[in-house]
Amino acid sequence: MTQTSSTDAMTSDWTDAEREFPAGTRCPEWIGEVGRLRSECPVAYSESFGGFYTLTRHEDVVGAARDFRTYPSRQPFIRLPSMTGIIPGSLNPPEHGVYRRLFSTFFSKPRVEAMTPVLREYAAQMIDALVARGAGDMAREFCQPFPARALAVLLQLGEGAYQELLGQFEAFEETGWDPDVINGVIFKTFSEHIAAVMAKRRADGPIDPESDVLSGAMCMEVDGEPLSDESVIAIGVSLIGAGHATTADALSTMMYRLGCDPYLQARLRAEPHLIPSAVEELLRLDAPLPEVGRDVAADVDLHGTAIPSGALLALNLSAANYDPDVFEHPEACIVERSPNRHLSFGHGPHQCAGAPMARVELAVALEELLARTASFEISGPVQRVPGMLLNGFISLPMTFRAS
């Protein structure tokens with residue numbers, strides 16, 4: 001990068017402005033630019049968002065994600081500078097581990113397997129309705145509501161609660177996707193919802209904390225003290241916000257790729273055992289959350305670039321997923337790719353705790369859609385999520401031919 005001393009003015013090595021990449025992180029311009037950075041400028045500085053550094057090589061991203069002492073988490077989203085205080089995303093070990101253990105209990109393999117039949121039933125119902133009509137908006141009618149319904153199951157909110165959650169998610173479209181406004185909407189809307197759920201749990205008597213994540217949080221103690229209501233609400237906000245947005249995003253990008261590729265559809269119908277592997281490859285190609293943010297806690301020299309203590313650092317998961325030193329033919333969709341060391345769920349202590357559930361949701365959705373259709377395709381203009389915080393679609397018109 002261009003730098004003369006730690007106190008001199010910094011010059012941007014690149015611009016990550018949305019206007020430069022109107023099709024987001026899947027467009028050839030973006031893939032070409034991060035490829036240039038990996039090769040020529042692996043520690044790149046941008047003046048955007050108050051100034052931050054970006055790592056694009058797989059090895060560097062993995063190393064920084066593991067090293068929470070040098071690169072602690074505080075502001076997980078570079079593009080949402082006011083979003084801090086997320087539990088556990090803004091915390092670091094050992095405090096982070098206390099909350100992580102709570103999440104890990106409820107996202108364990110046995111817990112997720114127990115929910116799978118219900119998720120499969122919901123997916124089948126929603127897909128059958130689309131196929132019966134022969135056309136519909138896959139993003140609005142499946143990719144958005146399906147993970148909301150899954151969250152309602154996880155949080156034991158009762159049948160129909162997902163419609164209320166969906167109404168809250170749809171409210172984000174009215175904000176114009178201004179980062180500060182989104183941040184305010186997320187905390188206000190989700191906090192109110194979680195507070196209402198907590199009040200109901202107290203009024204009705206908590207559900208068994210071993211089987212209900214919010215009741216488990218309400219019964220938690222840290223250093224001998226019960227969690228404050230604010231902390232429990234922060235946990236609930238994290239579950240809903242992260243559990244819905246990224247899964248809906250991943251679903252929509254997978255449906256888009258399949259809708260554009262009849263050969264891939266046909267192959268996965270003929271070889272359904274490849275679907276779990278295909279999920280991993282599609283996640284690699286289109287990371288739902290293209291980057292995560294870290295603080296820099298000590299002066300660092302990396303690849304000849306001095307990164308000062310106090311700087312912001314972006315771990316560019318999307319760029320790392322295309323690193324040719326790790327992935328042969330990185331721009332190709334190779335559904336049997338193994339090993340697949342993609343970083344779309346992050347890495348290190350802050351790796352997504354909900355990844356086991358997300359993987360099941362994604363695989364179930366593909367299995368049910370492919371089994372119930374002979375073909376499907378994009379039928380009109382699509383609309384992607386504005387900006388570059390996420391990577392999916394909010395409108396995905398499709399036609400369906402029943403199997």
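This one's a predicted model, so the numbers in the text were calculated from it and none came from an experiment.
In this structure, CD on Glu361 lies 7.0 Å from CG on Leu251, to the nearest 0.5 angstrom. Expressed to the nearest 0.5 Å, how far CG of Leu102 lies from CD1 of Ile235 amounts to 6.0 Å. Atoms CG and CG, from Asn92 and Asp295 in turn, are 8.5 Å apart once rounded to the nearest 0.5 Å. How far CG of Leu151 is from CZ of Phe146: 10.5 Å, rounded to the nearest 0.5 Å. The structure places CD1 of Ile194 at 7.5 Å from CG of Leu239, a figure rounded to the nearest 0.5 Å. Atoms CG and CZ, on Asn340 and Arg337 in that order, are 6.0 Å from each other to the nearest 0.5 Å.
A donor-acceptor distance shorter than 3.5 angstrom exists from the side chain of Arg38 to the backbone of Ala319, with no hydrogens or angles considered. In this structure a side-chain-to-backbone donor-acceptor pair under 3.5 Å is present from Ser403 to Ala371. At distances below 3.5 Å, not a single donor-acceptor pair connects side-chain atoms of Ser395 with backbone N or O atoms of Val382.
With 3.5 Å as the limit, one finds no donor-acceptor pair spanning the side chains of His58 and Asn321.
Annotation: side chain of Arg79 is in contact with side chain of Glu291 (closest heavy-atom distance under 4.5 Å). Between Glu95 and Ile87, the closest side-chain pair of non-hydrogen atoms is not below 4.5 Å. Proximity of Ile307 to Val43: side-chain heavy atoms (C-beta onward) are separated by under 4.5 Å at one or more points. The closest side-chain heavy-atom distance from Ile31 to Tyr322 is below 4.5 Å. The side-chain heavy atoms of His96 and Pro93, taken from C-beta on, include a pair separated by under 4.5 Å. Counting heavy atoms from C-beta on, the side chains of Ser252 and Met138 never come closer than 4.5 Å. Between Thr11 and Tyr45 the shortest side-chain heavy-atom distance does not fall below 4.5 Å. Side-chain contact check for Ser375 versus Pro262: every heavy-atom pair is 4.5 Å or farther apart.
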Going through the distances and angles, do Asp13 and Ser46 end up as a side-chain contact (heavy atoms from CB on, under 4.5 Å)? CA-CA 6 Å; Asp13 297 303; Ser46 170; over 6 Å; no

Stepwise side-chain contact (heavy atoms from CB on, under 4.5 Å) check, Met126 with Asp128: CA-CA 6 Å; Met126 300 163 93; Asp128 282 345; over 6 Å; no

Report the C-alpha distance between Met398 and Glu377 in whole Å, list the side-chain angles of each, state the deciding distance to 0.1 Å, and finish with yes or no for side-chain contact (heavy atoms from CB on, under 4.5 Å). CA-CA 5 Å; Met398 284 187 167; Glu377 62 184 3; over 6 Å; no

Starting from the C-alpha separation in whole Å, work towards a yes-or-no answer on side-chain contact (heavy atoms from CB on, under 4.5 Å) for Leu55 and Leu302. CA-CA 10 Å; Leu55 303 184; Leu302 184 61; 3.7 Å; yes

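The nearest pair of heavy atoms linking Pro288 to Thr246 is CB-O, 3.5 Å. Closest of all the heavy-atom pairs between Val232 and Met198 is CG1-SD, 3.6 Å.
Sorted by first and then second residue, the pairs that involve residues 244-261 and meet salt bridge (charged side-chain N to carboxylate O under 4.0 Å, His left out), not counting sequence neighbours, are Arg257-Asp286. Identified under the side chain to side chain donor-acceptor pair (under 3.5 Å) test for residues 97-118, with sequence neighbours left out: none. Evaluation of the salt bridge (charged side-chain N to carboxylate O under 4.0 Å, His left out) test over residues 321-332, restricted to residues two or more places apart or in two chains, returns none. A salt bridge (charged side-chain N to carboxylate O under 4.0 Å, His left out) check over residues 216-233, counting only residues at least two apart or in different chains, returns the pairs Arg202-Asp229.
Residues that satisfy the side-chain hydrogen bond (donor to acceptor under 3.5 Å, both in side chains) test with Glu368, not counting sequence neighbours, are Arg120, Arg372. In this view, Thr373 and Arg269 satisfy the side-chain hydrogen bond (donor to acceptor under 3.5 Å, both in side chains) rule, not counting sequence neighbours. Under the ring pair (Phe, Tyr, Trp, His ring centres under 6.0 Å) criterion, Trp14 pairs with Trp30, not counting sequence neighbours. Considering only residues two or more places apart in sequence or on other chains, Tyr71 meets the ring pair (Phe, Tyr, Trp, His ring centres under 6.0 Å) condition with none of them. Shown here are the ring pair (Phe, Tyr, Trp, His ring centres under 6.0 Å) partners of Phe376, two or more places apart in sequence or in another chain: there are none. Residues forming a salt bridge (charged side-chain N to carboxylate O under 4.0 Å, His left out) with Asp137 (at least two apart in sequence, or on another chain): Arg140. Applying the side-chain hydrogen bond (donor to acceptor under 3.5 Å, both in side chains) test to Ser215 and every residue at least two apart in sequence or in another chain returns Asp212.
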List, one per line, each side-chain donor-acceptor pair under 3.5 Å for residues 345-355, sequence neighbours excluded.
unit_1: His347; atom_1: NE2; unit_2: Arg66; atom_2: NE; d: 3.1
unit_1: His350; atom_1: NE2; unit_2: Leu91; atom_2: O; d: 2.6

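Cation-pi check for Arg149 over Tyr122 is met; the charged atom lies under 6.0 angstrom from the ring centroid and within 45 degrees of its normal.
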